[in-house]
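One structure is given below, encoded as structure tokens.
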Amino acid sequence: MTTKQAFVEIITAIRAIYTIGESTSIAGIVLEDAFGIKHQKINDKTMLTEAQQKELTEIINRLLTHEPVQYVLGKTIFFGLPFKVDKNVLIPRQETEELVAWCVETVRQFDSSAVRQSGTYRILDIGTGSGCIPIAIKNKLPETEVHALDVSVGALEIAKKNAALNNTEIIFHETDILNEAAWNKLGQYDLIVSNPPYITEDEKNILPQNVIDFEPHLALFSGNNDAQRFIKKIVNFAVQHLNKGGYLFFETNEFYAPDTKKIMEENGFSEVELRKDLNGKDRMLKGRLQN
């Protein structure tokens, strides 16, 4: 089988469950990430080995169950960096890259005198999953001290592997942010960021099948049908654990973004800004704890 035939076979097989654009993109990802075949090698001359053809069949069979290609291959790219992923963690999204970029931009603009007064600039990611947010931030801001927490042991195992993969030093905490008794051990920070669970049970029916069937519900659903459950806790935590003038960032449910903004403002955050993501949805918030 030639690489061109393999490319067409993937597209043809999964076309029933994905758009032509998605199918073409997935086919390219499979050939490059699974077999090291870049776009220019997809032709009538480059051949797949018998072992590769067998593996391709297995990959296609998994894709046909709606399993995301990132889980099938066990890896993805986020902010230009490689990440391992499995069913313990959400697949890093392009929209979250915008949140990381905003955090990095903010730290770079932060008054350097304030950093000197408080020592090393300390950052905490709450609900880290694959570790994509803190690792990407640390990669861009190596002089900072970056912490990350999650309640899932499986997620933390993946996050630690990703930190090692990207040669980034992250301090990990196995902590349930909903448990206020555990807050004291976490210290103080200059910036807190979180992409917490924010989907309600009522919204489950609007999720794509590949998300609802394969991605971890612990990281997706807020629980108690309250989209703001984690937001409220994290805001309360931030009020106590942010240094004065520190920043709080959220990726949040577009339908409740104005409510999230209000919660932040009512709890002592000023300069609260709501930004749209690349799809034009109200998704990201930044606020500064008043001095």
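Keep in mind it's a predicted model, so treat the numbers as computed, not measured.
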Charged N to carboxylate O below 4.0 Å: is that the case for E265 and K261? yes
Would you call D282-K276 a salt bridge at under 4.0 Å N-O?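 K276 and D282: salt-bridged.
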Close side-chain approach of [X] to [Y], heavy-atom, < 4.5 Å:
X    : Y    : answer
Q290 : F269 : no
Y71  : K87  : yes
I91  : F78  : no
M47  : T3   : no
K232 : I263 : yes
V72  : L63  : yes
I17  : H66  : yes

Should we count [atom1] of [X] as having more than 12 external heavy atoms under 6.0 Å?
X    : atom1 : result
E169 : CD    : no
Q94  : CD    : no
K233 : NZ    : yes
Q40  : CD    : yes

Counting only N and O atoms by type, is there a donor-acceptor contact under 3.5 Å from the side chain of [X] to the main-chain atoms of [Y]?
X    : Y    : answer
S25  : G21  : no
T65  : R62  : yes
E98  : L278 : yes
W183 : I177 : yes
D150 : T128 : yes
T168 : I135 : no
T46  : N43  : no
Q52  : T49  : yes
N166 : P82  : yes
E22  : T19  : yes

Is L186 reachable from L178 through a run of I, L, V, M, F, W or Y residues, each pair having side-chain heavy atoms under 4.5 Å apart?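 Yes.
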Same cluster for V153 and F172 if Ile/Leu/Val/Met/Phe/Trp/Tyr side chains link at under 4.5 Å? no
Which label fits Y247 and F249: parallel for a plane angle under 30°, tilted from 30 to 60°, or perpendicular past 60°? tilted
Among L191, V193, I234, which residue meets the side-chain contact (heavy atoms from CB on, under 4.5 Å) test with L248?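 Exactly one pass, corresponding to I234.
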Looking just at side-chain N and O atoms, do E251 and S194 make a donor-acceptor pair shorter than 3.5 Å?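 No, no side-chain donor-acceptor contact under 3.5 Å.
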Tell me yes or no: between the side chains of D259 and Q228, is some donor less than 3.5 Å from an acceptor? no
Residue pairs involving residues 134-161 (criterion ring-ring contact (aromatic ring centres under 6.0 Å, His included); sequence neighbours excluded): H147-H173, H147-Y189
Apply the test side-chain contact (heavy atoms from CB on, under 4.5 Å) to residues I42 and I37: give CA-CA distance (whole Å), side-chain angles for both, the deciding distance (0.1 Å), then the verdict. CA-CA 7 Å; I42 300 175; I37 299 168; 4.1 Å; yes
